[in-house]
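Report on the following structure.
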Amino acid sequence: MLIRFDGILELEGMLLGGQAFRWRFEDGWFHNVLFNNFVSARQVDKGVEFACGPDDESVIAPLFRDYLRLDDDLVAIGKTISKGEQISAAVSKYQGLRILRQEPWECLVSFICSANSNIPRISTNVEDMARNFGHALEMNGHVRSAFPTPDELADAGEQKLRDLGLGFRAKYVAAAAVCIARGDVDLFSLREASYDEALEELIGLAGIGDKVGNCILLFALDKRQAFPVDVWIERAIKEWYPEVVEQKLTRKAMRPWAQEFFGTYAGYANQYLFHGRRLQGKD
DNA sequence: AGCCAGGCCCTCC
DNA sequence: GGAGGGCCTGGC
């Protein structure tokens with residue numbers, strides 16, 4: 001079915017740009033498992049063509065629309081964050097690049113796995129967890145698994161996660177799974193909580209520090225002021241905002257600086273800085 | 001072959 | 001309180 005949309009949209013950058021790790025591009029479509037469904041999507045003139053199963057498209061399409069945040073007014077947001085030559089260029093170059101609204105648990109595990117790692121490896125880790133511990137879906141001869149629930153990963157345990165190649169992150173994922181399965185932390189309620197409160201809750205989990213916590217807040221928990229500072233963001237800020245270097249701001253101090261500087265939608269600024277710097281020189 | 005990755009934790013100062 | 005080393009493993 002068609003999800004009608006006439007605003008700006010850059011689906012490829014959103015799905016394959018390092019926000020999420022299970023999207024695959026094949027035969028002109030992007031494929032993933034979301035909301036316990038096979039989901040396929042592609043960008044067309046009038047919006048997004050969408051297919052899913054086993055559930056009805058009419059049920060999943062609204063969820064997928066929210067996932068893509070089509071209601072964010074990117075023109076207005078772009079204006080508020082275009083503070084500086086390079087980010088303005090990136091806003092214009094990657095026009096329509098939106099922050100995803102991911103499923104919180106999968107997002108949390110993905111970014112725990114991101115520590116001292118790289119995108120190809122994170123993708124492998126996340127896909128391996130799904131294949132080994134998630135429940136399988138089958139459709140038209142294709143088999144792929146849902147991302148495992150907290151219970152399923154808690155049952156798997158640290159050793160089996162290590163066997164998949166998660167390394168020292170296995171302990172953190174296993175502990176987080178137990179914690180969420182027990183209900184110690186309710187991720188969905190953090191969507192309603194304040195930024196500060198939600199960040200504090202997340203950092204209470206082992207393996208989640210300021211950077212990873214801000215990724216989860218931004219990509220899954222509706223905190224568009226979140227501003228994860230990784231090596232790419234640090235490079236971009238130091239090169240493009242010399243005042244930060246002059247003030248000798250440490251990496252830790254860059255987050256509050258950026259949140260003040262870019263404002264309510266600092267998270268969007270983050271995404272454009274990230275793309276702009278990481279893809280510098282590539283076309 | 002060897003370096004380093006989209007950090008975090010722990011220790012020690 | 002903050003700076004520095006160690007950590008699993010696999011891409012490149």
Side-chain angles (χ1 to χ4, degrees), chain A residues 13-23 87 90 94 97 99-100 102 106-129 131-132 153 156-179 185 199-221 223-224 226-240 247-259 266-282:
Chain A
M14 293 164 62
L15 303 184
L16 302 182
Q19 293 189 51
F21 301 96
R22 290 192 74 197
W23 284 99
I87 191 172
Y94 305 111
L97 183 68
I99 302 293
L100 296 176
Q102 299 182 44
E106 177 175 338
C107 183
L108 182 149
V109 174
S110 300
F111 281 95
I112 285 180
C113 290
S114 75
N116 213 31
S117 188
N118 51 67
I119 293 177
R121 185 178 176 192
I122 301 162
S123 302
T124 301
N125 289 159
V126 173
E127 196 61 36
D128 284 346
M129 281 187 268
R131 190 175 35 251
N132 285 277
L153 284 188
E158 177 183 345
Q159 188 54 50
K160 285 185 180 171
L161 292 170
R162 267 185 188 271
D163 295 342
L164 289 187
L166 267 67
F168 61 85
R169 307 157 197 86
K171 180 171 44 171
Y172 303 142
V173 171
V178 169
C179 194
V185 175
L199 180 58
E200 191 178 351
E201 283 271 324
L202 291 177
I203 288 183
L205 298 170
I208 299 181
D210 197 86
K211 189 274 174 183
V212 169
N214 273 273
C215 284
I216 300 163
L217 291 177
L218 181 60
F219 298 137
L221 299 180
K223 304 295 184 283
R224 281 165 294 186
F227 194 92
V229 181
D230 58 37
V231 297
W232 294 102
I233 293 295
E234 183 176 5
R235 281 173 200 152
I237 289 182
K238 283 183 169 170
E239 289 173 22
W240 298 342
Q247 292 175 44
K248 300 188 193 306
L249 295 185
T250 62
R251 183 156 169 179
K252 185 179 170 62
M254 285 180 194
R255 172 171 70 76
W257 173 84
Q259 289 174 316
Y268 265 99
N270 187 283
Q271 193 61 200
Y272 286 99
L273 291 172
F274 181 71
H275 272 252
R277 184 58 183 79
R278 196 166 72 93
L279 302 177
Q280 200 172 60
K282 300 182 187 174

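Just so we're on the same page: letters track the sequence lines, and every chain starts at 1. Below, each value reflects all heavy atoms present in this structure, side chains not excepted, and no hydrogens, waters or symmetry copies.
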>> Does this structure show an ion pair linking A:Asp128 with A:Arg131, if we count only N-O contacts that are shorter than 4.0 Å?
In response: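 A:Arg131 and A:Asp128: salt-bridged.
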Exercise. Distance from A:Met14 atom CE to A:Gln271 atom CD, nearest 0.5 Å?
Worked result: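 Rounded to the nearest 0.5 Å, the CE-CD separation comes out at 9.5 Å.
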Write down the partner of C:dC12 under the Watson-Crick or G-U wobble criteria, each distance required to be under 3.5 Å.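 Check on C:dC12: paired to B:dG2, both distances under 3.5 Å.
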Looking at B:dC8, which nucleotide sits across from it as a Watson-Crick or G-U wobble partner, both distances under 3.5 angstrom, or is there none?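 Its partner is C:dG6.
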The side chain of A:Asp230 is closest to which nucleotide in this list: C:dA3, B:dG6, B:dC9?
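Nearest to the side chain of A:Asp230 among the choices is B:dG6.
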Would you indicate whether A:Glu239, at its atom CD, is surrounded by more than 12 heavy atoms from other residues, nucleotides or ligands within a distance under 6.0 Å?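 Above 12, so yes.
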Checking all strands, does [X] fall into the base, sugar-phosphate, or nothing category for heavy-atom contacts under 4.0 angstrom?
X: A:Arg251; value: sugar-phosphate
X: A:Ile122; value: nothing
X: A:Gly207; value: sugar-phosphate

Please report the distance, rounded to the nearest Å, between [atom1] in [X] and [atom2] in [N].
X: A:Ile203; N: B:dC9; atom1: CD1; atom2: C1'; result: 13 Å
X: A:Ile216; N: B:dG6; atom1: CD1; atom2: C1'; result: 13 Å
X: A:Arg169; N: B:dA5; atom1: CZ; atom2: P; result: 13 Å

Between C:dC8 and A:Arg162, counting only base atoms on the nucleotide and side-chain atoms on the residue, is there a donor-acceptor pair under 3.5 Å?
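Answer no: no donor N or O sits under 3.5 Å from an acceptor.
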Does a distance-only test, which skips hydrogens and angles, find a donor-acceptor pair under 3.5 Å between the side chain of A:Arg121 and the base of C:dC12?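 It does not, because no donor-acceptor pair links the side chain of A:Arg121 to the base of C:dC12 below 3.5 Å.
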Determine whether A:Ile233 and A:Phe227 make a side-chain contact, defined as any pair of heavy atoms from C-beta on separated by less than 4.5 Å.
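Side chain of A:Ile233 against side chain of A:Phe227, heavy atoms only: contact under 4.5 Å found.
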